[in-house]
Amino acid sequence: MTAFKSDFLRTLSERGFIHQTSDDAGLDELFRNETVTAYIGFDPTAPSLHAGGLIQIMMLHWMQQTGHRPVALMGGGTGMIGDPSFKDEARKLMTPETIADNIAGIKKVFSNYLTFGDGPQEALMVNNADWLLDINYVEFLRDVGRHFSVNRMLSFDSVKLRLDREQSLSFLEFNYMILQAYDYVELNRRLGCRLQMGGSDQWGNIVNGIDLGHRMGTPQLYALTSPLLTTASGAKMGKSADGAVWLNPDMLGAYDFWQYWRNTEDADVERFLKLYTTMPLDEIARLAALQEAELNEAKKILATEVTAMLHGRDAAEEAAETARKTFEEGALAQNLPTVEVERSALEEGVGLLSLFVTAGLATSNGEARRHVKGGAVRLNDQPVSDDRQAITLANLTKEGVVKLSLGKKKHVLLRPV
């Protein structure tokens with residue numbers, strides 16, 4: 001491991017963020033001597049990023065904390081094409097309206113991690129649609145396209161894998177890497193960006209930008225990539241059994257977000273504390289040394305700290321307390337995820353299976369039925385064996401809700417309205 005001298009690279013190295021750089025010594029020297037502007041691009045493929053993207057946001061966070069200027073680049077222009085890197089097939093094309101809506105949703109998260117403004121160390125958010133959508137195609141081919149070798153582009157792993165499988169790569173997608181490289185040059189001209197960061201799957205695209213910058217007269221540009229993370233068991237980060245672990249609160253509440261991190265595998269606790277919290281390394285080492293039952297306390301701290309950065313300290317502590325009451329006291333915590341149901345429907349009676357689907361605990365009646373037959377379903381903490389059971393107002397607890405549970409960790413309250 002390189003012994004970095006700059007605060008930023010030393011912090012990233014110690015906490016496990018660095019997979020590869022284009023020039024360790026040159027980049028370290030740059031961060032020691034200048035206030036560096038660096039950026040990461042975010043694809044607007046959904047209305048929210050998910051937990052897998054947190055590593056990139058935390059890299060921008062540490063940039064600002066160590067005295068540099070982070071830039072979050074929204075791909076409003078490149079999103080019109082979609083990044084083909086390591087994909088089996090072309091992304092479905094999105095309308096400009098969908099892209100705009102997705103960017104509006106994605107933006108909500110960043111202010112929890114970065115301080116935005118016009119100062120030399122304050123974060124910026126920019127959109128590559130501002131320069132890409134007004135490009136004159138012929139001029140762009142003459143001024144930028146001439147610097148790209150098709151032979152070299154075909155040699156990139158992201159392209160070779162697609163072609164080796166005899167899966168088509170459209171000319172539209174082939175242009176993506178040119179536009180992303182041009183973003184780097186444009187951000188250097190506009191904002192003085194000297195570093196592009198991203199996941200390790202973006203290495204070829206970032207190096208393209210460095211090479212284009214060299215050919216178009218920019219100062220020396222640099223690349224830094226983070227490892228593509230999976231959990232200890234090989235699961236993709238940001239995914240759970242229920243789907244994506246979204247960062248936007250309207251797509252996933254604080255309690256469910258907290259639970260995702262509480263369920264971290266033992267082997268991942270230290271790594272995740274380093275990557276996803278700002279806790280001191282000596283405290284992380286102490287927590288990581290805990291064994292067996294005590295390690296569960298470290299997982300709760302991990303969950304609370306990660307949730308606090310995204311949802312705020314109050315929401316994180318409320319989620320932790322809700323979990324404590326639910327799992328340790330067996331109490332009915334009113335802060336559990338809640339779904340409203342029509343009181344009139346409960347007056348007549350609603351099938352348990354359909355309510356399980358309404359509560360998001362199953363995707364279909366058939367799936368809910370299998371859970372019942374497997375003994376995983378509870379109604380107000382009592383096991384259910386009859387998949388034809390109907391839920392009525394008589395099933396309301398003294399708190400005026402119905403508690404549905406799947407296994408020991410998934411609970412939803414149904415509240416009549």
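FYI, side chains are in, hydrogens and waters are out, and symmetry mates aren't considered; it's all heavy atoms of this structure. Everything numeric in this text was worked out from a predicted model, so none of it was measured. Residue numbers run from 1 in the order of the sequence given.
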Pair [X] + [Y]: basic N to acidic O under 4.0 Å:
X      : Y      : result
Arg215 : Asp211 : yes
Asp266 : Lys299 : yes
Glu367 : Arg370 : no

Check: [X] side chain, [Y] main-chain N or O, donor-acceptor pair, under 3.5 Å:
X      : Y      : result
Asn263 : Gln259 : yes
Asn395 : Thr392 : yes
His50  : Ala244 : no
Thr264 : Asp268 : no
Asn136 : Val138 : yes
Arg146 : Arg142 : yes
Asn128 : Asp183 : no
Gln196 : Ile40  : no

For the residue pair [Y] / [X], report whether a side-chain donor-acceptor contact shorter than 3.5 Å exists.
X      : Y      : result
Tyr184 : Gln180 : no
Arg69  : Thr37  : yes
Ser6   : Asp28  : yes
Thr218 : Asn188 : no
Thr304 : Thr307 : no
His19  : Thr225 : no
Thr115 : Glu122 : no

Trace of the side-chain contact (heavy atoms from CB on, under 4.5 Å) decision for Gln65 with Phe8: CA-CA 8 Å; Gln65 294 303 305; Phe8 175 62; over 6 Å; no
Do [X] and [Y] make a side-chain contact, defined as non-hydrogen atoms from C-beta onward lying under 4.5 Å apart?
X      : Y      : answer
Val126 : Met74  : no
Ile210 : Gln220 : yes
Thr363 : Val357 : no
Lys274 : Leu281 : yes
Trp62  : Arg15  : yes
Glu139 : Val144 : no
Thr66  : Phe31  : no
Leu361 : Val412 : yes

Derivation of the side-chain contact (heavy atoms from CB on, under 4.5 Å) call for Arg194 and Leu30: CA-CA 9 Å; Arg194 298 288 301 278; Leu30 181 70; 3.7 Å; yes
For Asn248, side-chain contact (heavy atoms from CB on, under 4.5 Å) partners two or more places apart: Ser48, Lys108, Val109, Asp250, Met251
Ring pair (Phe, Tyr, Trp, His ring centres under 6.0 Å) contacts touching residues 194-234 (sequence neighbours left out): none
Ring centre gap for Phe140 and Tyr182 strictly below 6.0 Å: yes
If every non-hydrogen atom of [X] is compared with every non-hydrogen atom of [Y], which pair is closest and at what distance?
X      : Y      : value
Met197 : Ala38  : CE-CB, 4.4 Å
Cys193 : Val71  : SG-CG2, 4.3 Å
Ile18  : Pro227 : C-CD, 4.2 Å
Phe4   : Ser13  : CD1-CB, 3.7 Å
Ala315 : Ala254 : CB-CB, 4.1 Å
Tyr113 : His61  : O-ND1, 2.9 Å

Check against side-chain contact (heavy atoms from CB on, under 4.5 Å), Met279 and Ile301: CA-CA 10 Å; Met279 295 177 67; Ile301 291 171; 3.9 Å; yes
Distance in Å, [X] [atom1] paired with [Y] [atom2], rounded so as to fall on 0.5 Å steps:
X      : Y      : atom1 : atom2 : value
Glu270 : Leu287 : CD    : CG    : 9.5 Å
Leu54  : Leu247 : CG    : CG    : 5.0 Å
Met80  : Met94  : CE    : CE    : 9.0 Å
Asn208 : His147 : CG    : NE2   : 12.5 Å
Leu12  : Met58  : CG    : CE    : 9.5 Å
Glu29  : Glu34  : CD    : CD    : 9.5 Å

Reference residue Leu224; test side-chain contact (heavy atoms from CB on, under 4.5 Å); the match among Asp24, Asp23, Leu9: Leu9
Parallel, tilted or perpendicular, as decided by the 30° and 60° cut-offs, for the rings of Trp261 and Tyr276: tilted
Mutual orientation of the aromatic rings belonging to His371 and Phe356 [parallel < 30°, tilted 30-60°, perpendicular > 60°]: tilted
Working for side-chain contact (heavy atoms from CB on, under 4.5 Å), residues Leu49 and Phe110: CA-CA 10 Å; Leu49 300 175; Phe110 283 83; 4.0 Å; yes
Counterpart residues, salt bridge (Lys or Arg N to Asp or Glu O under 4.0 Å), relative to Arg313 (two or more places apart): Glu305
Verdict with reasoning, Ser233 to Glu265, per side-chain hydrogen bond (donor to acceptor under 3.5 Å, both in side chains): CA-CA 8 Å; Ser233 62; Glu265 298 173 43; 2.6 Å; yes
